[in-house]
Amino acid sequence: MSPVSSVGSPLTSLYAQIAGANKAPPVLPDSLKVGAPTTAPSGEGFAKVFDQLIGTVESKQTQANAITQNVLVGGQGQLHQSVIAMQEASVAFSLMVEVRNKLVDSYQELMRMPV
Amino acid sequence: MNLISGIEITASALNAQKTRLDVIAQNIANAQTTRTPSGGPYKRQLISFETSLLQQTGDGQPALHGVQISSVTSDPSPGERIYNPQHPDADSQGIVTMPNVNLAYEMVDLITATRAYEANLSVAKNGREMADRTLRIGQ
């Protein structure tokens with residue numbers, strides 16, 4: 001959204017510069033120069049989301065471990081609670097793997113894009 | 001906000017049925033017990049369940065009810081009276097009052113509880129498979 005709208009105004013100013021080429025040679029706006037600093041979103045946002053996801057998955061696995069330990073030692077926990085907690089952790093892990101697969105797919109799709 | 005749908009309710013039902021199995025085990029184990037801390041022979045224990053509000057999933061959504069143990073009560077029916085003067089718990093006439101546990105009833109209860117437990121296990125398994133299939137949407 002924002003890259004498209006931000007590209008719009010430099011382009012119109014570029015056209016204006018090309019139209020008035022007699023007066024001065026056209027100058028590329030900063031945003032179209034290679035290596036120019038851009039305001040494109042960095043990967044930090046997704047990394048943060050993914051980090052939180054991993055944290056949640058890990059906490060679920062830790063919880064399942066604790067319940068299983070409790071069952072094995074003979075405390076308050078019960079067998080089905082342990083198995084259910086493990087299943088929850090397993091589903092959470094599958095979800096995380098699925099998110100990671102989608103990310104890798106998107107990356108490879110971008111890499112295959114002809115320039 | 002569970003990954004596996006309905007798992008908390010199923011867990012409460014599994015817990016309830018497991019407790020029922022415990023009570024049946026206690027009845028069968030004490031089928032010959034003629035002496036208890038409260039005096040007299042063992043009394044058969046009966047278990048009853050009640051619903052418990054587990055979660056309100058949101059506005060307009062139905063409230064979901066789990067199950068919990070309502071009470072464990074004693075069966076008031078009298079036990080069998082056997083003439084056995086050698087028994088240490090025999091009264092002055094040599095009569096021993098046995099527990100009011102009927103093994104046939106207990107076995108029927110045992111089968112019912114086992115089947116109920118299995119039914120809830122199927123629900124849990126189904127929930128897990130649904131989650132797995134949902135994760136495969138994009139494939």
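Since the structure is predicted, the reported quantities are computational estimates derived from the model, not experimental observations. A note on names: the letters A, B, ... follow the listed sequences, proteins ahead of strands, and every chain is numbered from 1.
Proximity to chain A among residues 96-132 of chain B is limited to B:Y117, B:R128, B:A131, judged by heavy-atom separations below 4.5 angstrom.
At distances below 3.5 Å, not a single donor-acceptor pair connects side-chain atoms of B:T36 with backbone N or O atoms of B:Y42. Between the B:Q32 side chain and the B:N30 main chain, no donor and acceptor come within less than 3.5 Å of each other. Using a distance-only test at 3.5 Å, with no hydrogens or angles considered, a donor-acceptor pair links the side chain of B:D91 to the main chain of B:G94.
Contact tally against chain B (heavy-atom pairs below 4.5 Å) for A:Q81, A:K102, A:E98: the top residue is A:E98.
Residue B:K43 is tested with B:S74, B:S77, B:P76 for a side chain to side chain contact (heavy atoms under 4.5 Å, CB included); the sole match is B:S74.
Atom CD of B:E8 sits about 10.0 Å away from atom OG1 of B:T10, to the nearest 0.5 Å.
Only the side chain of A:Q78 comes within contact range of chain B, with at least one heavy atom under 4.5 Å from a heavy atom of that chain.
A single hydrophobic cluster is not seen to contain both A:L72 and A:I67; linkage of ILVMFWY side chains at heavy-atom distances under 4.5 Å, directly or through other members, places them apart.
Here A:L53 pairs with A:F50, A:M96, A:V99 under the side-chain contact (heavy atoms from CB on, under 4.5 Å) rule; sequence neighbours left out.
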